[in-house]
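The model shown is predicted, which means the values in this text are computed figures rather than measured ones.
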Amino acid sequence: MRLTSSVSRDPLVPKAGRDTVRRHNLSLVLRAVRDAGEITRAGVSARVGLTRAAISSLVEQLLTIGFLSESGKTFSGLAGRPGTVLKVARTGVAGIGAEINVDYVSVCVVDLAGTDRVRLVEHLDNRGAAPAQVLRRAAAIAARALISAAEQELHPVGATLALPGLVASGSVWQAPNLGWTRVAAEEPFARALAGLRPELPALPVRSENEANLAALAELWFGDLGTVRTFFYLTGESGVGGALVLEGELLRGAHGFAGEIGHVVVATDGPECRCGSRGCLEQYAGQSALLRAAHVDRASSAAGVAELERRARAGDCRTLAALNQAGLMLGRVLSGAVNLFDPAAVVLGGIYGPLAPWLIPGAALELSAHVVSGLWPQTSARLRPSSPATDAARGAAALVVQDVLSDPLSFAHRAAGG
């Protein structure tokens with residue numbers, strides 16, 4: 001009797017044809033040049049393991065479609081003639097990202113190298129506004145950013161919305177600090193943006209949690225060195241988190257992984273906007289910090305700057321508030337470290353500039369509660385984020401990653417077509 005397996009198998013992937021292989025190799029070459037910054041054809045060949053003849057053909061195609069540029073001569077130190085220097089083009093395809101948060105909207109355009117080329121920030125109180133109005137505001141700021149990009153001969157081929165809270169399938173399932181529940185985001189934003197530039201093709205729009213995008217920005221543009229597994233903690237009006245494992249974002253079964261701000265610290269603690277009590281956000285979120293330090297909260301951005309100023313001046317109440325927040329952050333982070341064993345924990349958002357006063361308390365808790373014993377109080381594994389790695393930049397760069405993965409799919413848009 002012949003036995004058949006009841007285990008289902010993944011469908012077979014079609015055999016790669018010439019077109020598929022070439023697309024893959026074009027991506028390899030473009031990424032190699034982007035990662036190097038400046039490199040010769042011979043250098044690309046050494047990096048990707050293809051023959052110089054193959055590299056020359058691929059480079060010529062990328063030059064023709066406007067993704068690479070070359071200039072000058074360079075001596076490699078090897079035998080033979082000097083080669084021209086290749087760089088990713090500073091014009092042509094680009095990405096745009098828009099971060100919507102409780103009290104601001106930030107829009108960023110990046111080029112193929114991931115360089116921040118346009119940045120617009122408007123401080124707005126989005127809590128009292130209808131979601132549709134907030135999305136229209138963000139689209140209006142994005143439209144202005146696109147005009148600035150066009151003046152630099154940059155043509156974004158897609159947009160990403162960075163949103164606080166639970167984001168999936170183009171909607172915000174829950175964003176307690178905005179007061180949003182089951183709010184469609186992608187389609188209204190895309191429609192509003194298209195209406196502001198009717199003479200141009202509509203941009204495809206996607207959405208993602210803002211902490212996830214800030215973590216990706218840190219991965220792609222930060223100062224992590226060889227670290228590829230880390231937990232990213234961001235503080236704004238709320239507290240968010242993201243886990244990157246071996247260079248890949250951990251999204252969870254429904255895309256909701258990383259909501260560390262709503263881990264309960266004390267069951268009898270203050271009521272949280274999410275409906276629970278004693279969430280981390282109530283002890284270490286922006287509002288909690290400003291309240292504990294008796295800082296005026298009329299302007300959150302000014303409030304955080306005032307926190308930093310008072311901390312530098314040695315104000316006792318401010319130092320105590322930051323130390324207590326650090327202890328709470330460390331207590332919750334120790335659970336995440338025990339569960340996932342990251343190589344580093346990165347403090348982003350408002351926690352970056354406040355890190356000198358948050359880290360001692362957090363490090364104390366990590367040292368006390370991480371079972372591996374690999375997190376001493378002096379560990380550099382707990383660190384502030386890089387200054388230029390925020391959610392808006394990560395959102396824009398997510399579009400560019402699509403271009404790098406399959407340049408041919410975007411060839412027709414290199415000149416804004």
In sequence, state the C-alpha distance, the side-chain angles, and the governing distance for V172 and L166, and then conclude on side-chain contact (heavy atoms from CB on, under 4.5 Å). CA-CA 6 Å; V172 179; L166 305 180; over 6 Å; no
Check the side chains of R251 and N209 for a donor-acceptor pair under 3.5 angstrom, ignoring hydrogens and angles.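 No, no side-chain donor-acceptor contact under 3.5 Å.
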Does one side chain, of E210 or N212, offer a donor that lies under 3.5 Å from an acceptor on the other?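 Looking only at side-chain atoms, N212 and E210 do not form any donor-acceptor pair under 3.5 Å.
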Candidates V59, V29, I55 - the one meeting side chain to side chain contact (heavy atoms under 4.5 Å, CB included) with S45: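 Of V59, V29, I55, side chain to side chain contact (heavy atoms under 4.5 Å, CB included) with S45 is met by I55 alone.
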Of V102, V105, D103, which is the lone residue that meets side chain to side chain contact (heavy atoms under 4.5 Å, CB included) with L124?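 So, applying the side chain to side chain contact (heavy atoms under 4.5 Å, CB included) to L124 and each of V102, V105, D103, only V105 qualifies.
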Note: D125-R127 ion pair, threshold 4.0 Å (strictly below):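 Looking at D125 and R127, the cut-off is met.
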May I ask you to decide whether E38 forms a salt bridge with K87, counting only side-chain N to carboxylate O separations under 4.0 Å?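 Yes, E38 and K87 are salt-bridged.
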Check for a donor-acceptor pair, side chain of [X] on one end and backbone N or O of [Y] on the other, with a separation under 3.5 Å.
X    : Y    : result
R90  : E153 : no
R383 : V346 : no
R197 : P201 : yes
S386 : T389 : no
D315 : A311 : no
Q174 : G165 : no

Tell me, with the steps shown, if Q61 and L26 meet side-chain contact (heavy atoms from CB on, under 4.5 Å). CA-CA 8 Å; Q61 187 170 1; L26 283 167; 3.9 Å; yes
Give the intermediate values and the outcome of salt bridge (Lys or Arg N to Asp or Glu O under 4.0 Å) for residues E70 and R41. CA-CA 10 Å; E70 63 179 342; R41 285 171 169 80; 3.1 Å; yes
Residue pairs passing the ring pair (Phe, Tyr, Trp, His ring centres under 6.0 Å) test where at least one lies in residues 171-191, sequence neighbours excluded: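 For residues 171-191: W173-F256.
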Which ring pair (Phe, Tyr, Trp, His ring centres under 6.0 Å) pairs, counting each pair once, include a residue from residues 208-238, with sequence neighbours left out?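 Pairs touching residues 208-238 that pass the test: none.
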Among residues two or more places apart or on two chains, list those pairs meeting side chain to side chain donor-acceptor pair (under 3.5 Å) that have a residue in residues 264-273.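 Non-adjacent pairs meeting side chain to side chain donor-acceptor pair (under 3.5 Å): N177-R273.
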Please list all pairs passing the side chain to side chain donor-acceptor pair (under 3.5 Å) test where one or both residues lie in residues 390-400, with sequence neighbours left out.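 Sorted pair list: R119-D390.
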Gap between atom [atom2] of [Y] and atom [atom1] of [X] - 0.5 Å precision:
X    : Y    : atom1 : atom2 : answer
L135 : R137 : CG    : CZ    : 10.5 Å
L62  : L68  : CG    : CG    : 4.5 Å
L319 : L307 : CG    : CG    : 10.5 Å
L146 : I96  : CG    : CD1   : 4.0 Å
S106 : I100 : OG    : CD1   : 11.0 Å
Q286 : E236 : CD    : CD    : 6.5 Å

Heavy-atom check, side chain of [X] versus side chain of [Y], under 4.5 Å:
X    : Y    : answer
V157 : V399 : yes
R31  : Q401 : yes
Y351 : L233 : yes
S148 : V109 : no
V244 : T229 : no
H262 : L280 : no
V85  : I39  : no
S171 : S169 : no

Go through it in stages, so that I can follow the logic: the residues are S385 and E218, the test is side-chain hydrogen bond (donor to acceptor under 3.5 Å, both in side chains), and I'd like the CA-CA distance, side-chain angles, deciding distance and then a yes or no. CA-CA 7 Å; S385 63; E218 188 70 26; 4.5 Å; no
Specify the closest pair of heavy atoms between [X] and [Y], including all atoms of both residues, with the distance to one decimal.
X    : Y    : value
L289 : A325 : CD2-CB, 3.5 Å
G158 : L203 : N-CD2, 3.9 Å
S207 : V167 : OG-CG1, 3.6 Å
A242 : L249 : CB-CD1, 4.2 Å
A321 : A292 : CB-CB, 3.7 Å
P198 : G195 : CD-O, 3.6 Å

Which pairs would a plain distance check flag for residues 367-379, meaning a side-chain donor or acceptor within less than 3.5 Å of a matching protein atom at least two apart in sequence or in another chain?
{"from": "H369", "atom 1": "NE2", "to": "E365", "atom 2": "OE1", "distance (Å)": "3.1"}
{"from": "S372", "atom 1": "OG", "to": "L374", "atom 2": "N", "distance (Å)": "3.2"}
{"from": "S379", "atom 1": "OG", "to": "R381", "atom 2": "N", "distance (Å)": "3.0"}

Go through the steps for Q282 and R277 under the test side-chain hydrogen bond (donor to acceptor under 3.5 Å, both in side chains), then give the verdict. CA-CA 8 Å; Q282 298 305 306; R277 301 189 73 89; over 6 Å; no
Under the criterion side-chain contact (heavy atoms from CB on, under 4.5 Å), I'd like the reasoning laid out for S287 against E281: C-alpha separation, chi angles, the key distance, then a yes or no. CA-CA 9 Å; S287 295; E281 188 173 292; over 6 Å; no
Would you find more than 12 non-hydrogen atoms of other residues, nucleotides or ligands less than 6.0 Å from H24 atom NE2?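 No.
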A quick test of your reading: do over 12 heavy atoms of other residues, nucleotides or ligands sit less than 6.0 Å from CD of Q133?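 Atom CD in Q133 is packed in, count exceeds 12.
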What residues form a side-chain contact (heavy atoms from CB on, under 4.5 Å) with D402, not counting sequence neighbours?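 side-chain contact (heavy atoms from CB on, under 4.5 Å) check on D402 returns R206, F410.
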Salt bridge (Lys or Arg N to Asp or Glu O under 4.0 Å) between E122 and R144: does it pass, once the steps are laid out? CA-CA 12 Å; E122 287 198 14; R144 296 207 310 271; 2.5 Å; yes
Does L86 form a side-chain contact (heavy atoms from CB on, under 4.5 Å) with T40? I'd like the steps, not just the answer. CA-CA 6 Å; L86 298 168; T40 63; over 6 Å; no
